[in-house]
Amino acid sequence: MILSNLSSDIKQYLVITGNYWAFTLTDGALRMLIVLYFHQLGYSPINIAMLFLFYELFGVITNLLGGWLGARLGLNKTMNLGLSLQIVALVMLAINPDWLSVAFVMAAQALSGIAKDLNKMSAKSAIKLLVPENADNTLYKWVARLTGSKNALKGVGFFMGGALLSLLGFQGALWAMTSLLVVAWITSLVLLKQDLGKKKFKPKFSELFSKSKQVNVLSAARLCLFASRDVWFVIALPVFLSSTFGWDHTLVGSFMAIWVIFYGIVQANAPKITQNKTKQVTPSKQLTSWALLLTTIPALIAIAISQNFANMWVIIIGLLCFGGVFAINSSLHSYLIVKFADSDGVSLDVGFYYMANAMGRLLGTVLSGVVYQSFGLIACLWISSFLLALTVLISRHLNSN
């Protein structure tokens, strides 16, 4: 009865959000499952990082081509395709434990990477089409809520991955996640609007690369921003917590989950934190100031650890501080790319932007395994701070002519 009173745009927003939520739960759980399970099997940090190489690499390709496909076919089709590919990836990993060679897992992760970025690009692009023109405050709130709720649920997915691995084992966890995703996929096929985001004129392949300076600058800043997070968060941190502090799978998954849930809550409320009703602040200044604050946090954590200053509490408190400030940076970015994107064929600009995002994750993931194994967590933190300094420098050019 309540749903029947909602506008069609709100209903579509709810379908897209529910679709995104279900996918995010399985994506977060799968990441934690693979890190913990293969660490348990004795894989080195570099080898674990290699398992995610195709996941991130194909994310780069998918965002570029996915934006073009979304503009030609409609965002409903690319979103549902993402869900179906994730189901295939989960089944591949669950069918037979004897098949879990490095090459096979990398192939399954490649499918999962394609699926994740098709789903994310489709969801973010669709919001642009459901908000009236020039309703910037509404757009910011809708994007922040979608992204923040997604990241909070990704945290739940981390916890779910660690807990399911302990309770059901690797295969049992994968089959449980597959069942959840099949329900979401069927619901999406039935309810999601046809041809959402389809461009009026078929875009040429040459339109894959953005011609907007604002989109290009924002994309470069996004690459450095996400590389700075993943260089210590993806491989180095879970392995450090497990090997140095002796935490079990459930505890590592729970801690990472709490961090991402906190991150998502802050991200969803970013408009309340960043919007100043008495003073207009340009996007360039917003991004620069928040990125500058974020730059100091990994550097301070690295200094504290090097001085053996209560390492466990330094990690816990430092990670929460980093998560809160990073969430605001990410939310500003997510809003601005949707704002700057061209409404006709919005997925082209959004896809190009999230290609840069995927490149940042790829760079950060590889560095996380290589640098941690060779030099330790402190080195990962200093590289994170350096990448954030680059983010500050790039962001300063957002509004320059």
Side-chain angles (χ1 to χ4, degrees), residues 31-32 35-36 38-40 42-50 52 155 158 162 221 223-249 251-260 262-263 266 288-330 360-395:
R31 177 172 286 268
M32 190 56 57
V35 170
L36 295 176
F38 285 94
H39 175 60
Q40 174 184 294
Y43 281 56
S44 71
I46 290 178
N47 287 335
I48 295 173
M50 290 303 102
F52 291 98
F158 283 165
L223 188 157
C224 295
L225 180 68
F226 272 75
S228 77
R229 181 197 66 179
D230 286 0
V231 70
W232 69 292
F233 185 78
V234 172
I235 307 296
L237 185 62
V239 173
F240 180 83
L241 294 174
S242 180
S243 59
T244 303
F245 300 148
W247 291 9
D248 63 20
H249 299 328
L251 187 55
V252 173
S254 298
F255 176 69
M256 302 289 277
I258 290 169
W259 183 83
V260 179
F262 168 72
Y263 167 92
V266 175
T288 301
S289 59
W290 283 106
L292 185 60
L293 176 60
L294 187 61
T295 303
T296 64
I297 297 175
L300 290 174
I301 298 172
I303 292 169
I305 293 176
S306 66
Q307 299 301 314
N308 292 316
F309 184 71
N311 283 9
M312 184 181 294
W313 289 108
V314 166
I315 291 291
I316 292 172
I317 295 171
L319 190 63
L320 289 173
C321 292
F322 184 88
V325 180
F326 187 93
I328 294 170
N329 277 273
S330 179
R361 293 197 317 263
L362 173 61
L363 175 63
T365 298
V366 173
L367 286 175
S368 188
V370 173
V371 175
Y372 179 74
Q373 184 166 318
S374 302
F375 304 104
L377 183 65
I378 292 175
C380 293
L381 289 162
W382 280 117
I383 292 174
S384 174
S385 191
F386 170 74
L387 288 165
L388 287 167
L390 290 180
T391 305
V392 173
L393 293 175
I394 294 167
S395 299

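Quantities reported herein were computed from a predicted structural model and do not represent experimental measurements. Side-chain atoms are counted along with the backbone in the values below, which use heavy atoms only and exclude waters and symmetry mates.
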Atom pair CH2 (Trp259) and CG (Leu319), whose distance is rounded to the nearest 0.5 Å: 6.0 Å
Residue pairs fulfilling side chain to side chain donor-acceptor pair (under 3.5 Å) with at least one residue in residues 366-377, sequence neighbours excluded: Ser44-Gln373
Between CG on residue Leu293 and CG on residue Asn329, distance to nearest 0.5 Å: 8.0 Å
Pair Trp232 and Phe240, ring centroids less than 6.0 Å apart: no
4.5 Å side-chain heavy-atom contact, Val231 and Thr365: no
Residue pair Phe255 / Leu241, side-chain heavy-atom distance below 4.5 Å: yes
Those residues that, when tested against Phe326, pass ring pair (Phe, Tyr, Trp, His ring centres under 6.0 Å) (two or more places apart): Phe226, Tyr263, Phe322
Close side-chain approach of Phe233 and Val260, heavy atoms under 4.5 Å: yes
Separation between CD1 of Ile235 and CG of Asp230, rounded to the nearest 0.5 Å: 9.0 Å
Chi angles and distances behind the side chain to side chain contact (heavy atoms under 4.5 Å, CB included) call for Leu237, Ile315: CA-CA 9 Å; Leu237 185 62; Ile315 291 291; 3.9 Å; yes
Nearest-0.5 Å distance, CG of residue Leu320 to CZ of residue Phe262: 5.5 Å
Using atom types as modelled, flag every donor-acceptor pair under 3.5 Å from a side chain in residues 376-394 to any protein atom, sequence neighbours excluded.
| unit_1 | atom_1 | unit_2 | atom_2 | d |
| --- | --- | --- | --- | --- |
| Ser384 | OG | Ser228 | O | 2.7 |
| Ser385 | OG | Thr295 | O | 2.8 |
| Thr391 | OG1 | Leu225 | N | 3.4 |
| Thr391 | OG1 | Leu387 | O | 3.0 |

Enclosure of Phe375 CZ (heavy-atom neighbours >12, cutoff 6.0 Å): no
